[in-house]
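The basis for the numbers below is simple: all heavy atoms, side chains too, and nothing from hydrogens, waters or symmetry mates. Residue numbers count from 1 along this sequence.
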Amino acid sequence: MVDQAIWSKKMSNGTRRIPAVPEQARAYNKQIRPAILDHDSGVKWTNTSHNEEYFVGEEAYFVNPADGYDIHYPIRRGQLNVHSGPGGSVTAVLADLEVIWSHVIHKFLEIQLKDLKYYRCILLIPDIYNRQHVKEMVNMVLMKMGFSGVIIHQESVCAVYGSGLTSACVVDIGDQKTSICCVEDGISHRNTRLCLAYGGSDVTRGFFWLMQRAGFPYRGCQLTNTLDALLLQQLKETYTHLDQDICGLQDHEFQVRHPDSPALLYQMRLGDEKLQAPMALFYPATFGIVGQKMTSLQHRSHGDPEDPHDEHYLLATQSKQDQSSKAAADRKAMSKPSMFDDPRSQGMDGERGHMMEADLGPSQCDGMGHSNDGEEISATLFSRKSMVSQFEGKALGLDKAILHSIDCCASDDTKKKMYSSILVVGGGLMFLKAQKFLQHRILNKMPPSFRRVVENVEVITRPKDMDPRLIAWKGGAVLACLDTTQELWIYQREWQRFGVRMLRERAAFVW
């Protein structure tokens, strides 16, 4: 399907693409032997002679596997990496996060950890968030790390702030996940949120497979080796593209520098592999991901024992209030005395009504009077559930997922807004000509009714020429300066006293 999509589209000069034959590349690559640039690669293993308790970031990558350290990744596919193995409990994962953040704050920001009580922080959370995890992270930031205050906000809304827009369909393509959501006037629409379980690292994996098919000359390369994985990521960032005008076989070279090994130079010939790899984002079955949900939607909260006035309570009391006010209005209408009525019989009717309610209990009376409402609610819940289960098994391509998210907006006006402002952030789509490619696919697939009314479909990949990987953080910095956000801070003492209830009170979105 990927090959067909490549060959069916003409180049910008109107000519057809000439498919590059992988066999030709393979024949050339098979005969390549590396040239030795230097007998010392200049890369060293991390020094572990002082028996440090932990290493973070680059240092952790270059720890010699023979030194017996475990590598922990606290976040995976955009969520806390909770698993059944060692170090996989929520407590252990949060402890790892605390170590990483504390190390970075001390080493790179040069802030003493004992001085964090003079600082506040902004915590960006995914659009589809796990309430329990957010609660634990806020607790860690305030009570364990010791910040004096915190604001939590969603990544998509901060990305919109950071790019200077008011409304946009935000497409955040990361290393391991892609999240999509429509933001209008600083509010993330809940029904439009989607999280797809693929990202840049899957493109790297696909590119490695395609290069192996073309006789990749570095024979000992393995995805499970951390240093090889870093090399493959670098090759992907250097050579892959979404430019239909680049075709035919081309020669490239790359270096392999590993500790305790010579520096090697390899020649390599590649053709359409460089275009096929990133196109897998639009045909995610190519990634061959099995054993996990490919698409996630926002689920209802299961409730929290520390937060008795949650949405379940509000829903229950709201419907009770509505029903009691309806009943009171009905009684009022019935009890208006007409000139022919006997006032005594009216009093008896009223009493009989109250007695009947007391015998049956309010819930049964409500059931008798308002069965239709209940049926409607359960029907909508059932249809949403079936829609959710139908979607979560599917591997939606990037373009289809964007169209689905926009289609879930409540009004046509909002949908028009979103089509004319599709904001791509994160580092997963930084390929040459990616903006044009995505724009073309969305224009081709959007519903005809909107094609007539939307003046221009705009895909923004570098707002204000900023690095798309940093836009959400830029938005967080903007958020901290706004006058309107000063009432959103949750302070340490408040958190100690009220706990998770403060999130319901102070979050800038519906908790």
Treating Asn130 as the side-chain partner and Gln132 as the backbone partner, does any N or O pair qualify as donor plus acceptor under 3.5 Å? yes

The test is side-chain contact (heavy atoms from CB on, under 4.5 Å); show your working for Ile402 and Ile406 and say whether it passes. CA-CA 6 Å; Ile402 293 170; Ile406 294 176; 4.0 Å; yes

For Cys247 against Arg17, the heavy-atom pair lying closest together: CB-NH2, 3.5 Å

Enter the distance from Ile180:CD1 to Ile173:CD1 here, rounded to the nearest 0.5 Å. 7.5 Å

Within 6.0 Å of CD in Glu23, more than 12 heavy atoms from elsewhere: yes

Checking Thr240 side chain against Lys236 main chain: does a donor-acceptor pair fall under 3.5 Å? yes

In sequence, state the C-alpha distance, the side-chain angles, and the governing distance for Ile246 and Asp243, and then conclude on side-chain contact (heavy atoms from CB on, under 4.5 Å). CA-CA 6 Å; Ile246 299 174; Asp243 187 351; 3.7 Å; yes

Is it the case that the ring center of Phe147 lies less than 6.0 angstrom away from the ring center of Tyr119? no

In terms of heavy-atom contacts, does CZ of Arg462 have more than 12 from other residues, nucleotides or ligands at under 6.0 Å? yes

Is there a donor in the side chain of Glu184 and an acceptor in the side chain of His189, or the other way round, less than 3.5 Å apart? yes

Roughly how far, to the nearest 0.5 Å, is the CD1 atom of Ile75 from the NE2 atom of His133? 11.0 Å

Check whether any side-chain N or O of Thr485 sits under 3.5 Å from a backbone N or O of Leu488 as a donor-acceptor pair, and report yes or no. no

Determine whether a donor-acceptor pair (N or O, by modelled atom type, separation under 3.5 Å) exists between the side chain of Ser41 and the backbone of Pro262. no

For the pair Tyr54 and His103, name the ring-plane relationship: parallel under 30°, tilted 30 to 60°, perpendicular over 60°. perpendicular

For Pro284 and Leu396, which heavy atoms make the closest approach, and how far apart are they? CG-O, 3.4 Å

Heavy-atom distance under 4.5 Å between the side chains of Val457 and Val454, does that happen here? yes

Between His258 and Asp228, does any side-chain donor sit less than 3.5 Å from a side-chain acceptor? yes

Hey, mind stepping through Lys433 and His241 against side-chain contact (heavy atoms from CB on, under 4.5 Å) and telling me if it holds? CA-CA 7 Å; Lys433 298 285 177 80; His241 61 84; over 6 Å; no

Between Gln267 and Leu265, is there a side-chain heavy-atom distance shorter than 4.5 Å? yes

Side-chain donor-acceptor pair present, Ser12, Asp245, cut-off under 3.5 Å: yes

Can you tell me if Gln250 has over 12 outside heavy atoms packed within less than 6.0 Å of its CD? yes

Can you measure from CD (Glu458) to OG1 (Thr461) and round to the nearest 0.5 angstrom? 10.0 Å

Under 3.5 Å, is there a donor on one side chain and an acceptor on the other for Arg193 and Ser188? yes

Are side-chain heavy atoms of Val63 and Trp45 found at a separation under 4.5 Å? no

Within a strict 4.5 Å, meaning less than it, do heavy atoms of the Val425 and Val170 side chains meet? yes

So which heavy atom on Lys474 is nearest to which on Gly162, and how close? CG-O, 3.9 Å

Which atoms form the tightest heavy-atom contact between Leu270 and Ala214, and what is the distance? CD2-CB, 4.3 Å

Looking only at side-chain N and O atoms, does Lys274 offer a donor or acceptor that is under 3.5 Å from a partner on His252? yes

For the student: nearest non-hydrogen atoms of Gly199 and Arg77, plus distance: N-NH1, 4.5 Å

With side chains defined as the heavy atoms from C-beta onward, is the minimum distance between Val171 and Leu423 less than 4.5 Å? no

The test is side-chain contact (heavy atoms from CB on, under 4.5 Å); show your working for Asn139 and Lys135 and say whether it passes. CA-CA 6 Å; Asn139 193 58; Lys135 176 179 125 178; 5.8 Å; no

Does a sphere of radius 6.0 Å around CZ in Arg451 hold more than 12 heavy atoms from other residues, nucleotides or ligands, not counting ones at 6.0 Å or beyond? yes

Give a yes or no on whether the ring-centroid distance for Phe437 and Phe282 is below 6.0 angstrom. yes

Validation row: Cys408, His404 side chains within 4.5 angstrom (heavy atoms): yes

Quick one: are Val160 and Ser167 in side-chain contact, heavy atoms under 4.5 Å? no

Could you check whether any side-chain N or O of Thr46 sits under 3.5 Å from a backbone N or O of Glu59, counting only pairs where one atom can act as donor and the other as acceptor? yes

Test item: Ser8 side-chain N/O and Ala5 main-chain N/O as donor-acceptor pair under 3.5 Å: yes

Just checking Gln31: does its CD atom have more than 12 heavy atoms from other residues, nucleotides or ligands closer to it than 6.0 angstrom? yes

Okay, side chain of Thr204, backbone of Leu232: is any donor-acceptor separation there less than 3.5 Å? no

As a quick check of understanding, evaluate side-chain hydrogen bond (donor to acceptor under 3.5 Å, both in side chains) for Asp185 and Thr166, giving each step before the final call. CA-CA 5 Å; Asp185 301 328; Thr166 52; 4.7 Å; no

When every non-hydrogen atom of Pro34 is compared with those of Leu264, the smallest separation belongs to CB-CB, 4.1 Å

Asp3-Gln276 side chain donor-acceptor pair, cut-off 3.5 Å: yes

Can you establish whether the number of heavy atoms outside Lys445 located under 6.0 Å from its atom NZ is more than 12? yes

For the atom pair CZ (Arg269) and CG (Leu249), what is the distance rounded to the nearest 0.5 Å? 6.5 Å

Does some side-chain heavy atom of Met279 sit less than 4.5 Å from a side-chain heavy atom of Ile6? yes

Are the aromatic rings of Tyr239 and Phe431 close, with centres under 6.0 Å apart? no

Short side-chain to backbone donor-acceptor contact, Arg205 and Phe287, under 3.5 Å: yes

Check the angle between the aromatic planes of Phe216 and Phe208 and answer parallel, tilted or perpendicular using the 30° and 60° thresholds. perpendicular

Give, for atom CD of Glu253 and atom CD1 of Ile32, the distance between the pair rounded to the nearest 0.5 Å. 10.5 Å

Given 3.5 Å as the limit, does a donor-acceptor pair link the side chain of Ser420 with the main chain of Lys416, or not? yes

Between CG of Leu124 and CG of Leu479, what distance do you get to the nearest 0.5 Å? 8.5 Å

Report yes or no: does Ser156 contribute a side-chain atom to a donor-acceptor pair with the main-chain N or O of Asp127 at less than 3.5 Å? no

